[in-house]
Every structure is written in structure tokens, then in C-alpha cells.
Amino acid sequence: MTKPRILLIVGGGIAAYKSIELVRLLRKSGHIVRCVITRAGEQFVTPLTLAALSENKVYTNLFDLKDEVEMGHIQLSREADLVVVAPATADLLAKMAAGIADDLATTLLLATDKPVLAAPAMNVRMWLHAATQRNVATLRGDGVTVMQPDEGEMACGEYGPGRLPEPQAIIDAIDAALARAPVPVALNAPEALAGQPDFAPANRRPLYGRRILITAGPTHEPIDPVRYIANRSSGKQGFAIAAAAAEAGAEVLLVAGPVDLPTPPGVIRVDVETAVEMAAEVAGGLPVDAAIMVAAVADWRAADTAPQKIKKDGSGQVPPLALTENPDILATVAKSADRPPLLIGFAAETNDVIAHAQAKLARKGCDWIVANDVAADPMGGANNRVHIVSKDGVDSWDRLPKDAVARKLMEKIADELETRAPVQRD
Ligand code: C5P
């Protein structure tokens, strides 16, 4: 039976002692664990403890030539199904974000071709520091799953976010990441799947090997440095679709307008403000197997953005606000040389939902329009009743939670793409 293999990198920090419990629980739940410990980590936990609990050799130093003969560091970084960094210190996160490889742990992190999950632990000020937050955003953008640290009292006496998540929470995150990880080669053989329904069955990832681009959220169109034009889009449906696409095994690029939502695990996210920025990121993200344009892109932007705040001058005169039309991202992609084989638009309508969606399908040149009635399901809500409008007709679904709509949509997309070869990219 194939067991999930974890490469656990133990960073230096008082929370390193919790890695002992993490290894014990991982072994208990059937994971194979190989540990690497940084020099700083060794100040808190001994390699011998980790070796005893993991029942595996512990690696400590990049320049141990004997180990390089036994197992090169490239091989070490790749023979796991998942690389876990716990505790991930501010220093380790910074090195990962910058691509620094100056010891065994950071070299493995740079050399690996496997998904990486980081469980941070550090002082609250260090966690909240702009540099750490920037590094975390970079890592998430790079596809690393960075867990949110727990909030509470810290070893240093301060209070706030920065505590290592509890070992069980890390294990839950590990199992979620493994469920999205590429199927191990051995499991691609149907006979190898027999008797192991819980780990990585190939049929859970019908979009493995596919690349999907998703836009989500509103756009903000500045009028002056403090004011902007926006709409009520929450981004929830687009983010749920990105999460479902990643769960289904796709490589997901999410181009997100300004929303207050966490990046779904395994999703590469690029944040934008305006329609023009979104259009540029979308163009740069092609080619893809499918593009799903969920964003509520502002139709117009201010013709001129004032460089300074527009002031009331007391005269009672209202300043003129001239608008200009934004690029239609969906229609532009539909006409581009890189048009995805499956191009999906959304339509939020308040009346004559299906008729408007059919007209939009033709006008935008896409393959499906996912239409919903925002009079019945106002923007920002938890549920959606959607109609999938295509040249073949209308497929109306029940009112469902947005994540269920997303998963159902992934099934339909997987069926549609099944007979098509993946798009070629450099
Ligand atoms: O024309 P309307 O805004 O109703 O069209 C909605 C669909 O078109 C959505 O899929 C939306 O993401 C996309 N769209 C776009 N660029 C725009 C306006 C809408 O991609 N400027």
C-alpha cells in the first residue's frame, strides 16, 4: 500500500518542540516522514528525537558528503509527496520568498518539484511586520500553502497571531494538500488504487495537467487618490471556483480584484485593482485550457484620474465626472490568437436572465455563460441559482452554496475537456 510521504523541515524557534508531536501523529496516521532540521532548529529539538519518532534518518547539513552519496539533496527534495515546513520561522519564509539556498533546508525548498506547505511560528510583531507579510504574499502567489498562525499568548509573553498551528490542524492541512497533490506514479495504475480510497485516487483530480485561468471580484477604478468607482461583487463565487479547480488538480491562475478573501490552497493569485490591470494579467496568463471570467469588471473608468484629492470649493458646483469605457476582457480573450478551447463568462442579471445570457453569449464570443439572477441571490450572498447557457441550450441548476456550484462546474468543465489535448505552452 502506498503511504503518503512527507518531507518535514523543522526550523529554529521555540515552537520546534511541537514538531515532535507532529511527527508522532503523522506516523500514527500512516504517513512516511523524513525530517530535515536547520541549525537553529537543532537548538530546540535533537535530530535523535526526530529520528526515533520518524523511524528514519534525519538530515541536518547540506555539506555532509556521505549523505550526498547515499541520497543527493535533489532526490531528497523530490521523493516526498509533500514538503512541510513546521515551524516556518520569519527567516525561513524570507529565504523561501527570495529563493535563497544557503543550507540544506532552503536548498531542498528551492530544488523541490513538490507542493510545499508552511506552518509559520514567530513573535507577533515579526508575523505582522510588513516584510513578513510581503514574503507570505509572495509565497502564496508562488503556490506555497502558508497556513495562518494561531492567535494567543506567546512564549515571549506577547499576545497575538504567531503561534504555530496545533499539530492536528497541520495534519488536516497536510491531508488537504495531499488530496490536491499530483497523483503518485504508482497510483496511476488502476490496480494500485485498489483498497486505498483515502489517498490520491486519480479520479478525484479530473483536471490534473490542465491550466485554468479565473478572474474574480470587482475592479476599483480610481477617481482621485481617495475615491473610486466599484460594485458589490464579493469575489466569493470566483474564489470558490478557483478552490474547486485546484482541488480537481488543475494549475490555477486567479486574477483577483480587490477583495478580502484568503487565497485558496494551491492557487496562484495575482491581485489587481483596475480593469486595465486585470486585462493585462489575463493576457499574460494565456494560453490556458479554460478561462472562467467571474469578475464583475467595471464597465467604465474615470476618463482622467485626478492626481490629488478633488476638494469641495464651497461654491456648490459639482465637479464633472467624465467616464471612458473599459476594455471588455472576456470579448478580447475570445478574439485573441490564444483563445482558450473553453471560454466561460458570467452574467449577473436582475431580469430576463436567460434571454440576456443568450444575447451575451453571442456578443462576447464565449462558449458558456453562467447566468444568475442577482435579484433573487443578491451579490455577496452564500448561494447561487445558476443557468449554464451554451449553443446547445440551457442547463438550469438548483440553488446551491457557491462552493457546490463551483464543484459542479468543475465536473462539467472536466467532461468538456476530456476529449481535448491539453494546450501547449512554453
Ligand atoms: O457585459 P457584462 O459585464 O454583463 O458581462 C459579464 C461577463 O463579461 C463576465 O464574465 C465578466 O467577467 C466579463 N467582463 C469582462 N470585461 C469587462 C466586462 C465584463 O471580462 N469589461
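First listed ligand is number 1; within each ligand, the first listed atom is number 1. All values derive from a computational prediction rather than experimental measurement.
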**Complete:** the protein heavy atom lying closest to atom 7 (C) of ligand 1 turns out to be F346 O, 3.0 Å
**Message:** Just by distance, no angles: are the side chains of S336 and D338 close enough, under 3.5 Å, to form a donor-acceptor pair?
**Reply:** no
**Prompt:** Which residue supplies the protein heavy atom nearest to atom 1 (O) of ligand 1, what is that atom called, and how far is it?
**Reply:** K364 NZ, 3.0 Å
**Message:** Against D395, only a single residue in K412, K408, H387 fulfils side-chain hydrogen bond (donor to acceptor under 3.5 Å, both in side chains); can you say which?
**Reply:** K412
**Request:** Just jot down the ligand 1 atoms closer than 4.0 angstrom to any heavy atom of G345, in number order.
**Result:** 10 (O)
**Item:** Pairs where residues 268-278 contributes a residue and the test side chain to side chain donor-acceptor pair (under 3.5 Å) is met, not counting sequence neighbours
**Value:** T263-R269, R269-D271
**Request:** Starting from atom 20 (O) of ligand 1, find the nearest protein heavy-atom neighbour and note its residue, name and distance.
**Result:** L330 N, 2.8 Å
**Prompt:** Between R211 and D289, does at least one N-O distance fall below 4.0 Å, as a salt bridge requires?
**Reply:** no
**Message:** Show the atoms of ligand 1 that are less than 4.0 angstrom away from any heavy atom in P327.
**Reply:** 16 (N), 17 (C), 21 (N)
**Request:** For M293, take its heavy atoms, then give the atoms of ligand 1 lying under 4.0 Å from any of them.
**Result:** 9 (C), 10 (O), 11 (C), 12 (O)
**Prompt:** Who's the nearest protein heavy-atom neighbour of atom 4 (O) of ligand 1, and how far?
**Reply:** K360 NZ, 2.3 Å
**Fill in**
min-distance protein heavy atom vs atom 3 (O) of ligand 1 -> D299 OD1, 4.1 Å
**Complete:** When distances are taken from atom 17 (C) of ligand 1, the protein heavy atom at minimum range is V297 CB, 3.5 Å
**Prompt:** What residue and heavy atom of the protein are closest to atom 11 (C) of ligand 1, and at what distance?
**Reply:** A295 O, 3.2 Å
**Asked** How long is the gap from CG on L93 to CZ on R134, to the nearest 0.5 Å?
**Response** 13.0 Å
**Complete:** atom 16 (N) of ligand 1 sits nearest the protein heavy atom I329 N, 2.9 Å
**Side-chain donor-acceptor contact under 3.5 Å, N135 with T132** = no
**Prompt:** Quick check: does any side chain N or O of T112 sit under 3.5 Å from a backbone N or O of L108, one acting as donor and the other as acceptor?
**Reply:** no
**Prompt:** Given that the side chain starts at C-beta and the backbone is N, CA, C, O, which of these parts of N326 lies under 4.0 Å from ligand 1, counting heavy atoms, or is it both or neither?
**Reply:** neither
